[in-house]
Amino acid sequence: MTEEELHTVVHLPKVELHTHFEGCAPPAFIRGLAKEKKVDLSKIFRPDGSYDYRDFWHFLEVYEAATSVLKSPEDFARLCKAILDESADQGIVYLESFISPDFCGGGDVGAWKEYLHAIQDAAAEARRDHGIVMRGVVTCIRHFGPEKAKDAARCAAETAGDWITGFGMGGDEKQGKQRDFAWSFDCAREAGLKLTTHAGEWNGPSEVRDAVEDLGVDRIGHGVNAHSDPALMDLLAERNITLEVCPGSNVFLGVFGALDQHPIQKLRARGVPVTVSTDDPPFFHTTMKKEYEALARTFRWGEEVFRELNKTAIDAAFCDDTTRAAVTKILERP
Ligand code: ADE
Ligand code: ZN
């Protein structure tokens, strides 16, 4: 692959489906808020300023500590602006982000609406400045349990529309079962929301099957461990259930030892719809440009493959068809 081909790939317009809103906060942004609010967060940073954690479970703790200084709708609006400025710089033209009512008003519908208004205002400003389109996916957190998830689902249902377009679940896959959250996913579906859940990042293929069968999701967050079950890969392909694959996150957290051992290529070759996202970019020292460059080098993927990945992503995006058509036009530019 020539440097020119790599340059083309890295600078393509991109669709990103899997980011956690707070997980996109740069460490300097969180340190700044901590200082303003006189909160001591020194233990979650390394001397070089990056986030400090040992493994995925410690990451979840550090994530929640970092998020604790985001206290008001204005804080979330500032974060939204920072995220979308950076995303536009990465060539992202359409972004979906997981936003948790647990962190935005503690699951109270009235408070959630105030946070959401502030975030949407910031997103509208970024759209005017950069043309970037954002949609929100309300997300419950698995290790907070099914009752907290119901609060998140009620917030989602109350604000479902052309901006909040989906409902999902993140958090610790080792806690409970997908079906424990069926009430929340049914509530969101009845409100017209599209559905996604983290599955098959830490658990095996049966977790992905549970997500499909017990929750009826449209997409899967990660889903990469489906690679060891050919029948499951065929099911995902037949039902057009798209995987939100985050290769850099998986390698950084040790799900796979290195990118050349990552199953994204195998899944794609089997016909599973796959897309590429960053998950929590500053936590995993990644960006969309870095992901594209690493995938191009490792799997010798050229421009056509990345154009196909972005087409898969916009086809699986949780936006309305008018938005989908407008973004598709941008992606198709030579
Ligand atoms: N929350 C933020 N990042 C996550 C991940 N990679 N998996 C599960 N929950 C998360
Ligand atoms: Zn995630």
Side-chain angles (χ1 to χ4, degrees), residues 15-27 30 44 50-68 70 76 79 83 87 95-104 135-145 148-149 152 166-178 180-181 184 195-204 207-208 210-211 215 217-226 242-256 262 264 274-288 291 313 316 318:
V15 170
E16 180 164 31
L17 299 180
H18 187 119
T19 59
H20 296 260
F21 197 66
E22 309 83 17
C24 293
I30 293 297
I44 71 163
S50 61
Y51 291 115
D52 189 10
Y53 55 90
R54 293 180 300 278
D55 58 17
F56 175 67
W57 290 272
H58 189 215
F59 154 78
L60 291 175
E61 282 175 32
V62 167
Y63 186 104
E64 283 159 35
T67 301
S68 71
L70 289 156
F76 275 84
L79 176 57
I83 292 171
S87 296
L95 176 77
E96 285 182 15
S97 199
F98 301 132
I99 311 178
S100 302
D102 297 272
F103 301 134
C104 298
R135 293 291 181 262
V137 176
V138 171
T139 303
C140 65
I141 296 168
R142 184 154 165 177
H143 54 275
F144 291 177
K148 293 298 289 174
F167 181 74
M169 177 161 68
D172 184 1
E173 218 185 313
K174 297 284 181 192
Q175 309 266 330
K177 293 275 177 203
Q178 298 281 355
D180 300 340
F181 299 86
S184 293
L195 305 175
T196 178
T197 184
H198 283 59
E201 179 189 16
W202 297 103
N203 285 338
E207 188 73 31
V208 178
D210 287 353
L215 299 183
V217 292
D218 303 283
R219 300 192 322 227
I220 304 271
H222 299 284
V224 283
N225 285 331
T242 297
L243 302 189
E244 305 153 6
V245 181
C246 306
S249 160
N250 294 156
V251 172
F252 197 84
L253 288 172
V255 179
F256 303 102
H262 194 284
I264 187 167
V274 297
T275 60
V276 171
S277 295
T278 57
D279 213 5
D280 307 280
F283 281 89
F284 307 138
H285 302 269
T286 190
T287 64
M288 279 294 263
E291 296 287 335
F318 290 167

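Atom set for the values below is all heavy atoms of this structure, side chains included, hydrogens, waters and symmetry mates excluded. All ligand and atom numbering here is 1-based and tracks the order in the structure.
Atom 1 (N) of ligand 1 has its closest protein heavy atom at H20 CE1, 3.4 Å. For atom 6 (N) of ligand 1, the closest non-hydrogen atom of the protein is D279 OD2, 2.6 Å. Of the protein's heavy atoms, E201 OE1, 2.8 Å lies nearest to atom 7 (N) of ligand 1.
With hydrogens and angles left out, the side-chain atoms of Y63 and E22 include a donor and acceptor closer than 3.5 Å. Judged purely by distance below 3.5 Å, without hydrogens or angles, the side chains of T278 and E291 never pair a donor atom with an acceptor atom.
Between I264 and T275, the shortest heavy-atom contact is CD1-O, 4.4 Å.
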| task | Show your reasoning for whether side chain to side chain donor-acceptor pair (under 3.5 Å) applies to E207 and H222. | result | CA-CA 11 Å; E207 188 73 31; H222 299 284; over 6 Å; no
| request: Please assess F256 against V224 for the test side-chain contact (heavy atoms from CB on, under 4.5 Å), listing each intermediate value before the final yes or no. | output: CA-CA 10 Å; F256 303 102; V224 283; 3.7 Å; yes
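Taking every non-hydrogen atom of F56 and a distance limit under 4.0 Å, the qualifying atoms of ligand 1 come out as 5 (C), 7 (N), 8 (C). Per-residue contacts place H222 under 4.0 angstrom from the following atoms of ligand 1 (heavy atoms of the residue considered): 6 (N). For ligand 1 and D280, the ligand atoms under 4.0 Å from any heavy atom of the residue are 2 (C), 3 (N), 4 (C).
On a distance-only criterion, L253 and ligand 1 share no N/O pair closer than 3.5 Å. Note: no N/O pair closer than 3.5 Å links S249 and ligand 1 by distance alone. Ligand 1 has no N or O atom lying under 3.5 Å from any N or O atom of Y63, backbone or side chain.
Considering P281, S277, S249 as possible partners of T286, the one that fulfils the side-chain contact (heavy atoms from CB on, under 4.5 Å) test is P281.
Heavy-atom separations between F59 and ligand 1 include at least one value shorter than 4.0 Å. Within the structure, the closest approach of G171 to ligand 1 falls below 4.0 Å when heavy atoms are considered.
Taking the charged nitrogens against the carboxylate oxygens, E201 and R142 have no contact shorter than 4.0 Å, which rules out a salt bridge.
Y51 is listed as a side-chain neighbour of I30, based on a closest heavy-atom distance under 4.5 Å.
Under the 3.5 Å distance criterion, the side-chain polar atoms of R135 are left unmatched by any main-chain donor or acceptor of F318.
In this structure, F59 has its ring center under 6.0 Å from that of F284. Between F103 and H20, the gap from one ring centroid to the other reaches at least 6.0 Å.
Distances from the Zn ion (ligand 2) under 2.8 Å pick out these protein N/O/S atoms: H18 NE2, H20 NE2, H198 NE2, D279 OD1.
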